[in-house]
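This one's a predicted model, so the numbers in the text were calculated from it and none came from an experiment. Indexing begins at 1, ligand by ligand and atom by atom, following the structure's order.
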Amino acid sequence: MKPVKVGICGLGTVGSGSFNILRNNAEEITRRVGRSIVIEQVGARRDNDMCDLTGVNVTRDIFDVVANPEIDIVMELIGGTTIAKDLVLQAIENGKHVVTANKALIAEHGNEIFAKAQEKGVMVAFEAAVAGGIPIIKTIREGLSANRIDWLAGIINGTGNFIMTEMSEKNRPFSDVLAEAQALGYAEADPTFDVEGIDAAHKLTILASIAFGIPLQFEKTYTEGISKITAEDVGFAKDLGYSIKHLGIARRTDQGIELRVHPTLISKKQLLANVNGVMNAVMVKGDAVGPTLTYGAGAGGLPTGSSVIADVIDVARTLTADPDNRVPHLAFQANSLSDLPVLPVEEIESGYFLNMSIEDKAGVLANITQILSKNGISIESLIQREREGSDLVPLVVMTHIVKERNMNAAITEIEALSDISGKVQRIRVEHLA
Ligand SMILES: NC(=O)C1=CN([C@@H]2O[C@H](COP(=O)(O)OP(=O)(O)OC[C@H]3O[C@@H](n4cnc5c(N)ncnc54)[C@H](O)[C@@H]3O)[C@@H](O)[C@H]2O)C=CC1
Ligand SMILES: N[C@@H](CC=O)C(=O)O
Ligand code: NA
């Protein structure tokens, strides 16, 4: 059989990892596909020392790749949402299948891209876009397709988890760990995407769409990063039996879909609480299967390349299939997507960990508990400690589950008390059962 011909656009961390996997595992891949997959052309601004480009047709203009009539599959590995969007739309227009690792592109422009791909009868595959090397898209879209998915929750940013782990286990400064994550190729081109939760929000947007059959709605995803978490928060959480993890959570409720990314306290007994470093893990709860957990490297050239090339293989195997019989891009048939609303964050329900600095005098604690009770919030546990050399002492309150709106009202009232210094630190708590 004729070989399948691919064109690689972008030869950075993921591009070079994918290039080397295709080269090094060529024989295994041919045995799996039934024909070989060859690199017809590479579009790169510059060569990459990690790749032996001897004999490879290299162009400095990535649009040469999408125009190349020999190429069946275009791999978009440049990142960003401007040139990458033009490139992918042009590839589709030219009848090429596309494999991408670009979560920002899929989360923000996927609805348009998939509509165009459907019109043209081509596939756009994006396993590498969520949780790097973990086959989570395939797991939800195919492995769990018999289930009504109730919720999913995951550690879906490797850089953030690496930073949190190194800071809490080795007391390393934030900026050092971030610099190391960048050197290792884990971070986004703009690392605030990792640190402020934007990258995780892109990924959660995609996961929620394929789990619940809703259009991609990145702009409605509630997003908080890890930058405001202090060593004191981590210490108190530990004393209470919890770890703080940056989670993406998507949950179906009677009112709609909760879609949120934020630091979260989870019991140390949860498997997720023990996912450290660059590793990612996603729990998915289906009505038939119950809870499942998928775990693996969330970033890095070879792990991410593993997902990119798995997609290339999938596309190569189904090149000749009738487009109507392929797995739909968003797991559900495009004309069967649901208009379930994404809930505003005030409507979500959660437990809360509150950490505040209060004056060490009679009556303050009573005022705080009264405000909480007035807003329908019941306390699960409470820690008050001395702080050496200060009249202000930390007070930590853990609450039972309550609506975010009630918690907002209580925090506003507490912050207005004269015996409270500064803001109340609020971290949500999840029990994931
Ligand atoms: N690094 C990682 O672990 C992961 C990255 N991703 C995604 O994969 C994509 C690529 O990321 P990385 O490989 O980390 O980035 P990178 O910055 O290492 O590589 C991107 C490459 O594309 C090239 N490039 C950009 N614009 C170009 C243009 N117009 N013409 C030619 N070359 C161009 C750059 O020169 C660079 O070599 C991004 O969408 C990223 O979000 C997804 C999962 C994991
Ligand atoms: N910057 C991302 C890369 C993979 O998606 C991360 O750290 O998870
Ligand atoms: Na993946």
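Sorted by chain and number, the protein atoms of type N, O or S within less than 3.0 Å of the Na ion (ligand 3) are Glu127 O, Glu127 OE2, Val130 O, Ile134 O.
Those atoms of ligand 2 that come under 4.0 Å of a heavy atom in Glu188, given as number and element, are 1 (N), 2 (C), 3 (C). Listed by number with element, the atoms of ligand 2 under 4.0 Å from a non-hydrogen atom of Ala187 are 1 (N).
In terms of protein heavy-atom proximity, atom 14 (O) of ligand 1 is nearest to Thr13 CB, 3.7 Å. The protein non-hydrogen atom at the shortest distance from atom 2 (C) of ligand 1 is Gly185 O, 3.6 Å. Protein heavy atom nearest atom 8 (O) of ligand 2, with residue, atom name and distance: Gly158 N, 2.7 Å. For atom 10 (C) of ligand 1, the nearest non-hydrogen atom of the protein is Leu77 O, 3.5 Å. Of the protein's non-hydrogen atoms, the one nearest atom 3 (O) of ligand 1 is Gly300 N, 2.7 Å. Given atom 44 (C) of ligand 1, the protein heavy atom at minimum distance is Thr304 OG1, 3.2 Å. Of the protein's heavy atoms, Val14 CG2, 3.6 Å lies nearest to atom 4 (C) of ligand 1. In terms of protein heavy atoms, atom 39 (O) of ligand 1 is closest to Gly79 CA, 3.2 Å.
Checked by distance only, ligand 2 and Asp194 come closer than 3.5 Å through their nitrogen or oxygen atoms.
Assignment of Gly132 to the shell around ligand 2 is not supported, since no heavy atom sits closer than 4.0 Å. No heavy atom of Gly43 sits closer than 4.0 Å to any atom of ligand 1.
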